[in-house]
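All remarks here apply to the structure that follows.
First the proteins, then the strands, lettered A, B, ... as listed; each starts at 1. Quantities reported herein were computed from a predicted structural model and do not represent experimental measurements.
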Amino acid sequence: MRAAVARALMALATYCLGKSRGDWASAMQAEYDEAAAEGRQLDFAAGCLIAAAREMPHHAEGRLTIADHALALGLLVPMAFLQFACAIGLSGGRKGVYAMLAMDGGRMPYLANAQFSALPVLLVLWLLLGICHLRLAWLLLDRNWTGVVRAGAMIASAALTLVLMVVVLQLQAVFLVPVVGMLAVEGLGLFALAQWDGRASSGALPVGAVG
Amino acid sequence: MARNRRPSKQMLLLVQALCARGREWCHGYDLMKETGLMSGTLYPLLMRMTDQGLIEAEWREPAQVGRPARHVYRLTTAGAAFAQSLDDAEAAPSSKAAFA
(Lines give C-alpha, C1' and ligand atoms only; values in the text may rest on other atoms or scores of the structure.)
Protein backbone atom coordinates (compact mmCIF):
# COMPACT_ATOMS: atom_id res chain seq x y z
CA MET A 1 0.00 0.00 0.00
CA ARG A 2 2.79 2.43 0.96
CA ALA A 3 4.62 1.63 -2.25
CA ALA A 4 1.48 2.21 -4.33
CA VAL A 5 0.83 5.58 -2.65
CA ALA A 6 4.48 6.54 -3.11
CA ARG A 7 4.39 5.63 -6.80
CA ALA A 8 1.19 7.66 -7.22
CA LEU A 9 2.87 10.66 -5.56
CA MET A 10 5.89 10.29 -7.85
CA ALA A 11 3.61 10.13 -10.89
CA LEU A 12 1.86 13.29 -9.71
CA ALA A 13 5.22 15.00 -9.14
CA THR A 14 6.30 14.07 -12.68
CA TYR A 15 3.05 15.51 -14.04
CA CYS A 16 3.54 18.74 -12.08
CA LEU A 17 7.12 19.15 -13.32
CA GLY A 18 5.98 18.88 -16.95
CA LYS A 19 8.10 18.47 -20.05
CA SER A 20 10.35 21.44 -19.33
CA ARG A 21 11.56 19.81 -16.11
CA GLY A 22 11.35 16.25 -17.42
CA ASP A 23 15.04 15.64 -16.70
CA TRP A 24 14.49 16.51 -13.06
CA ALA A 25 11.49 14.20 -12.86
CA SER A 26 13.67 11.37 -14.23
CA ALA A 27 16.40 12.27 -11.74
CA MET A 28 13.91 12.08 -8.85
CA GLN A 29 12.56 8.79 -10.16
CA ALA A 30 16.06 7.30 -10.23
CA GLU A 31 16.70 8.37 -6.62
CA TYR A 32 13.27 7.02 -5.64
CA ASP A 33 14.62 3.52 -6.25
CA GLU A 34 17.43 4.24 -3.78
CA ALA A 35 14.97 5.56 -1.21
CA ALA A 36 12.70 2.55 -1.75
CA ALA A 37 15.64 0.22 -1.12
CA GLU A 38 15.95 1.84 2.34
CA GLY A 39 12.17 1.81 2.98
CA ARG A 40 11.86 5.61 2.77
CA GLN A 41 9.95 5.78 -0.48
CA LEU A 42 6.87 7.50 0.94
CA ASP A 43 8.81 10.35 2.57
CA PHE A 44 10.90 10.75 -0.54
CA ALA A 45 7.91 10.74 -2.90
CA ALA A 46 5.99 13.23 -0.75
CA GLY A 47 9.03 15.51 -0.77
CA CYS A 48 9.32 15.22 -4.55
CA LEU A 49 5.67 16.20 -4.92
CA ILE A 50 6.23 19.23 -2.67
CA ALA A 51 9.33 20.13 -4.71
CA ALA A 52 7.37 19.83 -7.96
CA ALA A 53 4.51 21.93 -6.58
CA ARG A 54 6.96 24.60 -5.39
CA GLU A 55 8.60 24.58 -8.79
CA MET A 56 5.41 25.04 -10.80
CA PRO A 57 5.06 28.85 -10.45
CA HIS A 58 8.69 29.29 -11.55
CA HIS A 59 8.30 28.04 -15.12
CA ALA A 60 5.89 28.95 -17.91
CA GLU A 61 4.51 25.44 -18.35
CA GLY A 62 3.82 25.16 -14.62
CA ARG A 63 2.04 28.51 -14.55
CA LEU A 64 -0.07 27.40 -17.51
CA THR A 65 -0.94 24.16 -15.70
CA ILE A 66 -1.97 26.13 -12.60
CA ALA A 67 -4.14 28.41 -14.74
CA ASP A 68 -5.75 25.42 -16.50
CA HIS A 69 -6.61 23.79 -13.19
CA ALA A 70 -7.86 27.06 -11.68
CA LEU A 71 -10.27 27.59 -14.59
CA ALA A 72 -11.36 23.95 -14.73
CA LEU A 73 -11.81 23.38 -11.00
CA GLY A 74 -12.65 26.93 -9.95
CA LEU A 75 -15.16 27.82 -12.66
CA LEU A 76 -16.10 25.01 -15.06
CA VAL A 77 -16.87 22.31 -12.49
CA PRO A 78 -18.91 24.65 -10.21
CA MET A 79 -20.78 25.87 -13.31
CA ALA A 80 -21.55 22.25 -14.21
CA PHE A 81 -23.06 21.64 -10.79
CA LEU A 82 -24.99 24.91 -11.02
CA GLN A 83 -26.56 23.68 -14.27
CA PHE A 84 -27.44 20.34 -12.66
CA ALA A 85 -28.94 22.20 -9.70
CA CYS A 86 -31.07 24.31 -12.05
CA ALA A 87 -32.23 21.21 -13.91
CA ILE A 88 -33.23 19.13 -10.94
CA GLY A 89 -34.45 22.01 -8.77
CA LEU A 90 -31.90 21.92 -5.99
CA SER A 91 -31.77 25.69 -5.69
CA GLY A 92 -34.32 26.02 -2.92
CA GLY A 93 -37.28 26.86 -5.16
CA ARG A 94 -36.02 30.27 -6.28
CA LYS A 95 -34.18 29.11 -9.37
CA GLY A 96 -34.43 26.34 -11.87
CA VAL A 97 -36.99 25.11 -14.31
CA TYR A 98 -39.72 24.25 -11.77
CA ALA A 99 -39.52 27.69 -10.17
CA MET A 100 -39.86 29.36 -13.58
CA LEU A 101 -42.97 27.35 -14.41
CA ALA A 102 -44.58 27.89 -11.01
CA MET A 103 -44.26 31.68 -11.28
CA ASP A 104 -46.29 32.10 -14.46
CA GLY A 105 -48.54 29.09 -14.53
CA GLY A 106 -51.66 30.59 -13.02
CA ARG A 107 -52.07 33.72 -15.21
CA MET A 108 -52.32 32.39 -18.76
CA PRO A 109 -53.56 28.82 -19.04
CA TYR A 110 -52.58 28.41 -22.72
CA LEU A 111 -49.11 29.76 -22.09
CA ALA A 112 -48.80 27.59 -19.01
CA ASN A 113 -49.69 24.57 -21.11
CA ALA A 114 -46.96 25.44 -23.61
CA GLN A 115 -44.49 25.99 -20.81
CA PHE A 116 -45.24 22.60 -19.27
CA SER A 117 -44.90 20.99 -22.70
CA ALA A 118 -41.44 22.51 -23.02
CA LEU A 119 -40.37 21.18 -19.63
CA PRO A 120 -38.55 18.05 -20.93
CA VAL A 121 -36.60 20.11 -23.47
CA LEU A 122 -35.59 22.65 -20.81
CA LEU A 123 -34.46 19.83 -18.52
CA VAL A 124 -32.43 18.21 -21.30
CA LEU A 125 -30.84 21.55 -22.19
CA TRP A 126 -29.78 22.19 -18.60
CA LEU A 127 -28.47 18.68 -18.14
CA LEU A 128 -26.62 19.01 -21.44
CA LEU A 129 -25.06 22.26 -20.23
CA GLY A 130 -23.91 20.54 -17.03
CA ILE A 131 -22.47 17.52 -18.82
CA CYS A 132 -20.74 19.70 -21.43
CA HIS A 133 -19.14 21.75 -18.67
CA LEU A 134 -17.70 18.62 -17.05
CA ARG A 135 -16.48 17.42 -20.45
CA LEU A 136 -15.00 20.86 -21.15
CA ALA A 137 -13.09 20.79 -17.84
CA TRP A 138 -11.65 17.37 -18.68
CA LEU A 139 -10.64 18.43 -22.21
CA LEU A 140 -9.05 21.61 -20.89
CA LEU A 141 -6.88 19.68 -18.43
CA ASP A 142 -5.97 17.35 -21.31
CA ARG A 143 -5.07 20.42 -23.46
CA ASN A 144 -7.25 19.00 -26.23
CA TRP A 145 -8.07 22.32 -27.85
CA THR A 146 -10.05 20.78 -30.72
CA GLY A 147 -12.28 19.09 -28.16
CA VAL A 148 -12.48 22.30 -26.13
CA VAL A 149 -13.74 24.18 -29.19
CA ARG A 150 -16.34 21.47 -29.87
CA ALA A 151 -17.54 21.38 -26.26
CA GLY A 152 -17.57 25.20 -26.15
CA ALA A 153 -19.66 25.31 -29.32
CA MET A 154 -22.06 22.79 -27.81
CA ILE A 155 -22.39 24.88 -24.64
CA ALA A 156 -22.94 28.06 -26.65
CA SER A 157 -25.62 26.34 -28.75
CA ALA A 158 -27.39 24.89 -25.72
CA ALA A 159 -27.23 28.21 -23.85
CA LEU A 160 -28.56 30.13 -26.86
CA THR A 161 -31.41 27.63 -27.31
CA LEU A 162 -32.23 27.89 -23.62
CA VAL A 163 -32.33 31.68 -23.72
CA LEU A 164 -34.51 31.65 -26.85
CA MET A 165 -36.93 29.21 -25.26
CA VAL A 166 -37.10 31.27 -22.09
CA VAL A 167 -37.87 34.40 -24.14
CA VAL A 168 -40.43 32.72 -26.41
CA LEU A 169 -42.21 31.00 -23.53
CA GLN A 170 -42.11 34.23 -21.48
CA LEU A 171 -40.58 32.47 -18.51
CA GLN A 172 -39.35 34.47 -15.52
CA ALA A 173 -35.65 33.75 -15.58
CA VAL A 174 -33.78 36.81 -14.36
CA PHE A 175 -31.30 34.47 -12.71
CA LEU A 176 -30.16 33.42 -16.19
CA VAL A 177 -28.48 36.81 -16.68
CA PRO A 178 -25.52 36.11 -14.33
CA VAL A 179 -25.28 32.57 -15.73
CA VAL A 180 -24.90 33.99 -19.25
CA GLY A 181 -22.32 36.42 -17.85
CA MET A 182 -20.39 33.52 -16.35
CA LEU A 183 -20.50 31.73 -19.70
CA ALA A 184 -18.94 34.80 -21.29
CA VAL A 185 -16.22 34.83 -18.62
CA GLU A 186 -15.59 31.14 -19.33
CA GLY A 187 -15.24 31.86 -23.03
CA LEU A 188 -12.78 34.67 -22.42
CA GLY A 189 -10.79 32.52 -20.00
CA LEU A 190 -10.61 29.65 -22.46
CA PHE A 191 -9.58 31.99 -25.27
CA ALA A 192 -6.80 33.48 -23.14
CA LEU A 193 -5.54 30.03 -22.12
CA ALA A 194 -5.58 28.81 -25.74
CA GLN A 195 -3.52 31.84 -26.78
CA TRP A 196 -1.10 31.28 -23.90
CA ASP A 197 -0.75 27.56 -24.70
CA GLY A 198 -0.21 28.39 -28.38
CA ARG A 199 2.58 30.82 -27.57
CA ALA A 200 4.22 28.32 -25.18
CA SER A 201 3.96 25.48 -27.74
CA SER A 202 5.40 27.56 -30.57
CA GLY A 203 8.37 28.51 -28.44
CA ALA A 204 7.49 32.19 -28.24
CA LEU A 205 7.63 31.83 -24.48
CA PRO A 206 10.70 30.44 -22.75
CA VAL A 207 9.04 27.34 -21.27
CA GLY A 208 11.74 26.77 -18.69
CA ALA A 209 12.15 30.42 -17.83
CA VAL A 210 12.43 31.28 -14.19
CA GLY A 211 9.74 33.77 -13.31
CA MET B 1 23.06 35.08 -12.49
CA ALA B 2 24.26 37.07 -9.54
CA ARG B 3 22.57 36.42 -6.22
CA ASN B 4 21.63 39.49 -4.28
CA ARG B 5 19.82 37.77 -1.43
CA ARG B 6 21.29 36.20 1.66
CA PRO B 7 21.54 32.42 1.07
CA SER B 8 19.18 30.27 3.10
CA LYS B 9 20.41 27.90 5.77
CA GLN B 10 19.43 24.96 3.55
CA MET B 11 21.39 26.38 0.64
CA LEU B 12 24.43 26.83 2.85
CA LEU B 13 24.17 23.20 3.96
CA LEU B 14 24.04 22.07 0.35
CA VAL B 15 26.95 24.26 -0.69
CA GLN B 16 29.00 22.97 2.26
CA ALA B 17 28.27 19.36 1.34
CA LEU B 18 29.18 19.88 -2.30
CA CYS B 19 32.22 21.97 -1.43
CA ALA B 20 33.52 19.24 0.87
CA ARG B 21 33.54 16.86 -2.10
CA GLY B 22 35.48 19.23 -4.33
CA ARG B 23 35.22 18.13 -7.99
CA GLU B 24 33.77 14.76 -7.08
CA TRP B 25 30.27 14.00 -8.36
CA CYS B 26 27.56 12.93 -5.93
CA HIS B 27 24.00 11.59 -6.13
CA GLY B 28 20.89 13.40 -4.94
CA TYR B 29 19.99 10.76 -2.36
CA ASP B 30 23.51 10.88 -0.91
CA LEU B 31 23.20 14.67 -0.64
CA MET B 32 19.90 14.20 1.21
CA LYS B 33 21.56 11.93 3.73
CA GLU B 34 24.62 14.14 4.15
CA THR B 35 22.74 17.41 4.58
CA GLY B 36 19.64 16.05 6.32
CA LEU B 37 17.50 17.95 3.81
CA MET B 38 14.27 16.38 2.60
CA SER B 39 13.72 15.84 -1.10
CA GLY B 40 11.11 18.62 -1.05
CA THR B 41 13.82 21.08 -0.02
CA LEU B 42 16.82 19.62 -1.82
CA TYR B 43 15.45 19.38 -5.35
CA PRO B 44 14.15 22.96 -5.65
CA LEU B 45 17.59 24.10 -4.45
CA LEU B 46 19.37 21.87 -6.96
CA MET B 47 17.11 23.10 -9.78
CA ARG B 48 17.57 26.75 -8.86
CA MET B 49 21.33 26.51 -8.39
CA THR B 50 21.69 24.57 -11.66
CA ASP B 51 19.70 27.28 -13.45
CA GLN B 52 22.00 29.86 -11.87
CA GLY B 53 25.10 28.01 -13.07
CA LEU B 54 26.32 27.25 -9.55
CA ILE B 55 25.84 23.49 -9.84
CA GLU B 56 26.35 21.23 -12.84
CA ALA B 57 24.46 17.98 -13.31
CA GLU B 58 24.90 15.04 -15.62
CA TRP B 59 23.58 11.53 -16.10
CA ARG B 60 25.63 8.54 -15.00
CA GLU B 61 25.11 4.91 -15.88
CA PRO B 62 23.92 2.86 -12.89
CA ALA B 63 26.33 0.76 -10.88
CA GLN B 64 23.85 -2.13 -10.85
CA VAL B 65 22.26 -3.69 -13.91
CA GLY B 66 18.53 -3.03 -14.17
CA ARG B 67 18.64 0.26 -12.27
CA PRO B 68 17.91 3.56 -14.07
CA ALA B 69 20.63 6.09 -14.89
CA ARG B 70 21.15 8.58 -12.07
CA HIS B 71 21.75 12.30 -11.94
CA VAL B 72 25.00 13.39 -10.31
CA TYR B 73 25.90 16.88 -9.13
CA ARG B 74 28.92 18.99 -8.29
CA LEU B 75 29.76 22.66 -7.93
CA THR B 76 30.78 24.54 -11.07
CA THR B 77 33.70 26.95 -11.04
CA ALA B 78 31.20 29.73 -10.38
CA GLY B 79 29.67 27.62 -7.60
CA ALA B 80 33.06 27.03 -6.03
CA ALA B 81 33.75 30.77 -6.18
CA PHE B 82 30.37 31.40 -4.59
CA ALA B 83 31.22 28.91 -1.79
CA GLN B 84 34.58 30.62 -1.33
CA SER B 85 32.88 34.01 -1.07
CA LEU B 86 30.60 32.60 1.61
CA ASP B 87 33.62 31.31 3.50
CA ASP B 88 35.42 34.62 3.13
CA ALA B 89 32.45 36.52 4.45
CA GLU B 90 31.99 33.95 7.21
CA ALA B 91 28.34 33.95 6.33
CA ALA B 92 27.73 30.41 7.40
CA PRO B 93 29.00 29.85 10.91
CA SER B 94 26.09 27.65 11.92
CA SER B 95 26.45 25.33 8.95
CA LYS B 96 30.18 25.03 9.59
CA ALA B 97 29.43 24.00 13.12
CA ALA B 98 27.03 21.38 11.83
CA PHE B 99 29.83 19.84 9.79
CA ALA B 100 32.45 20.10 12.49
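By number of non-hydrogen pairs under 4.5 angstrom with chain A, the leading residue of B:K33, B:M47, B:M32 is B:M47. With chain B as the partner, the residue from A:C48, A:A46, A:A45 showing the most heavy-atom pairs under 4.5 Å is A:C48.
Here the shortest heavy-atom pairing between B:H71 and A:D23 reads CE1-O, 4.5 Å. Residues B:P44 and A:A51 come closest through the heavy atom pair CD-CB, 3.5 Å. The nearest pair of heavy atoms linking B:W59 to A:A27 is CH2-N, 3.4 Å. Closest heavy-atom contact between B:T41 and A:R54: CA-NH1, 3.9 Å.
By the ring pair (Phe, Tyr, Trp, His ring centres under 6.0 Å) test, A:F44 is found to be paired with no residue, residues two or more places apart in sequence or in another chain being considered.
Proximity to chain A (any heavy atom under 4.5 Å) is restricted, for B:M38, to the side chain, taken from C-beta onward. Looking at B:L45, there are no atoms closer than 4.5 Å to chain A (heavy atoms on both sides), in backbone or side chain.
The environment of B:R74 atom CZ is dense: over 12 non-hydrogen atoms of other residues, nucleotides or ligands sit within 6.0 angstrom. Few gaps surround CH2 on A:W145; more than 12 heavy atoms of other groups in view lie less than 6.0 Å from it. Heavy-atom neighbours of A:R143 CZ from other residues, nucleotides or ligands within 6.0 Å: above the threshold of 12. Other residues, nucleotides and ligands contribute more than 12 heavy atoms inside 6.0 Å of the CD atom of B:E58.
By the 4.5 Å heavy-atom criterion applied to side chains, A:E55 and B:R48 are counted as neighbours.
Contact residues of residues 30-43 of chain A toward chain B are A:A30, A:E31, A:D33, A:E34, A:A35, A:A37, A:E38, A:R40, A:D43 (heavy-atom distance under 4.5 Å).
Using a 30° and 60° split on the angle between ring planes, A:W24 and B:Y73 fall in the parallel class, below 30°.
Here the CG atom belonging to A:L49 is positioned 14.5 Å from the OH atom belonging to B:Y43, to the nearest 0.5 angstrom.
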